[in-house]
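Letters go in sequence order (proteins before strands), and every chain restarts at 1. Values reported hereafter were calculated over all heavy atoms of this structure, with side chains retained and with hydrogens, waters and symmetry mates removed.
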Amino acid sequence: MDKPTLPKGTRDFGPATMAKRQFILDNIRKVFQKYGFMPLETPAMENLTTLTGKYGEEGDQLLFKILNSGDYLKNADATKLETRNSKQLTFDISEKGLRYDLTVPFARYVVMNRNEVAFPFKRCQIQPVWRADRPQKGRYREFYQCDADVVGTDSLICEAEIILMIREVFKGLGITDYTIKINHRGILNGIAEAIGAAGNETPMFVAIDKLDKIGEEKVKEELREKNFSENALTKLFQLLNVKGSNTNKLAVLFKEFETIASGQKGLRDLRLVFDFLRDYGSDESNVELDVALARGLSYYTGCIFEVKINNVSIGSVSGGGRYDNLTKAFGDKENLSGVGFSFGVDRIYDAMEELNLFPKDAQVSSKVLICYFDDESFRYGLGVLSKLRQAGIASEIYPDLSKIKKQLDFANKKMIPFTIVIGSEEVSTGALAFKNMTNGEQQKLTIDQIIKQF
RNA sequence: GUGGAUGUAGCUCAGUUGGUUAGAGCACCAGAUUGUGAUUCUGGGGGUCGUGGGUUCGAGCCCCAUCUUUCACCCCA
């Protein structure tokens, strides 16, 4: 029998890792609920027709497909088989796939339950997603997303609340040095129009999105290959290089977009988001208008977000935006506007590990371990255990009669901070040896006195 | 999906131009210590060198394939 292994890009999470992951997840869940988002879960697999066509051509290639059950070659086209046309053959032998994100399944749910849900509908969803990507650091084939979306309203208060939630989650996790990048598809379209590249937006978005990574010259090179004129490039970088505060950037762009409707709309939206933040009693801290931010997911139409933790070797840990046409893609007659974002738990974990931000006691399991010398004190210990648990103190007793050294070692290994050592003396007097495992101090206390220590 | 790097004990790594029974530190187990752990001392277990082929009298080391992890591209949480 060969040694067992895990599939590429997947991981086990042991108790120590789980404690830290729970810490992140609990924090996010708490904030989502505080902002009025109701939980939703959807199946791991969706029909392929639900998933394909929503993420662009690249995204479709990254979908995990599930082979049909039974005689799956029954419906396979003979010529496709003979010519080994895998791409075409896929849809003959597979009709289900694993979800690629949580937004598309959510849109599907909304369309299917249109009459039951009360709009505007706020839902949060914390579940794994799967991508057939090639794994790297901070990039897995199975990972958790934590989504919060609102559907059925155009109000930009939703965008403002997304910023508030991101800041609250990061505060709870102890992450202070981060940037919430914000942009608007309208601004991007406006720029394309302003430089005379309307109709050629996609290659422009793809290229400028990489600006902070590969630099101005490389982006220009890439765009020249896509037949952008020198005039267009000069104009483009004039707009991308506007520095200063968000207000300043908005003002400069406002002049450029005098006759461009989509650009105007983008600027108005962003200005309103910033206004709402101020009215709420907040400000623009950690928020940066980045006109080069484009994002690949093709369904975004309005504001777009991306969050980076600074000084770590991890890509973005959160992203999202507004999508106006997603329910229409599922045959919905009346179109519903939605906006949402997603935290990547796995990347937040990696970043926090790199920055050493996990609190030490995030790993503690039980608070007390009961140790004993003989069978009689074990029996007595069970009564003590029961009292501790009734008092709500997480505790356990060592299950086997063995040397006290081994029992205390076990407490150390599990990072249990206190032990109660019981022997014949303790059984007869009721004064228990209560030991602090961090500093080694020990005192004789009754069980009631011990409970009061917590 | 394209190209590059990597893999030796539970962990971090040594291992000479291919040459006998593959090493260290930490960790683990047992004893010194029959009512007290993270210090010290003594002893012990553990590796078909990622996997499968090949070259050779002989392979941890050379060649090929494959898998894992990782880096760049693509894309993205």
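- A salt bridge does not link A/D324 to A/R185: none of the charged nitrogens lies less than 4.0 Å from a carboxylate oxygen.
- Across all strands, A/K210 comes closer than 4.0 Å only to sugar-phosphate atoms, never to a base (heavy-atom distances).
- A donor N or O paired with an acceptor N or O is not found under 3.5 Å between the base of B/A77 and the side-chain atoms of A/R139.
- Across B/A77, B/G37, B/G3, the shortest atom-to-atom separation from the side chain of A/S316 is found for B/A77.
- A donor and an acceptor atom, one from each side chain of A/D374 and A/S424, are nowhere located under 3.5 Å apart.
- Atom name P, nucleotides B/U69 and B/U55: the rounded distance is 32 Å, in whole Å.
- The residue A/Q136 sits close to a base: some heavy atom pair falls under 4.0 Å.
- When all heavy atoms of A/E142 and A/R11 are compared, the closest pair comes out as O-NH2, 3.3 Å.
- The cationic group of A/K220 lies under 6.0 Å from the six-membered ring centre of A/F237 and within 45° of the ring axis, placing it in a cation-pi geometry.
- Here the two rings, on A/F418 and A/F434, have centers that are under 6.0 Å apart.
- Look at the C1' atom in both B/C11 and B/G47: the space between them is 14 Å, to the nearest Å.
- Contacts of A/G440 with the nucleic acid, taken as non-hydrogen atoms under 4.0 Å apart, include base atoms.
- Heavy atoms of A/S313 sit nowhere under 4.0 angstrom from any nucleic acid atom.
- Heavy atoms of A/K403 sit under 4.0 angstrom from primed sugar atoms or phosphate atoms, though from no base atom.
- Nucleotides B/U51 and B/G44 place their C1' atoms 31 Å apart, quoted to the nearest Å.
- Of the C1' atoms belonging to B/G23 and B/G60, the separation is 12 Å, rounded to the nearest Å.
- Note on A/V206: only backbone sugar-phosphate atoms sit closer than 4.0 angstrom, heavy atoms only; bases stay farther off.
- Within 4.0 Å (heavy atoms only), A/G320 reaches no atom of the nucleic acid at all.
- Base engagement by A/N412 is indicated by at least one non-hydrogen atom pair under 4.0 Å involving a base atom.
- Using a 4.0 Å heavy-atom criterion, one finds that A/Q61 contacts no nucleic acid atom at all.
- Residue A/E142 is classed as having no contact, given no heavy-atom separation below 4.0 Å to the nucleic acid.
- Nucleotides B/G35 and B/U40 have their P atoms positioned 25 Å apart, rounded to a whole Å.
- On the C1' atoms, B/G10 is 33 Å away from B/A72, given to the nearest whole Å.
- If you take atom P in B/G18 and the same atom in B/C13, they sit 25 Å apart, rounded to whole Å.
- Nucleic acid contact class of A/G59 (heavy atoms, under 4.0 Å, all strands): none.
- Nucleotides B/C67 and B/G31, compared at atom C1', are 44 Å apart to the nearest Å.
- Counting non-hydrogen atoms under 4.0 angstrom, A/Q407 reaches nothing in the nucleic acid.
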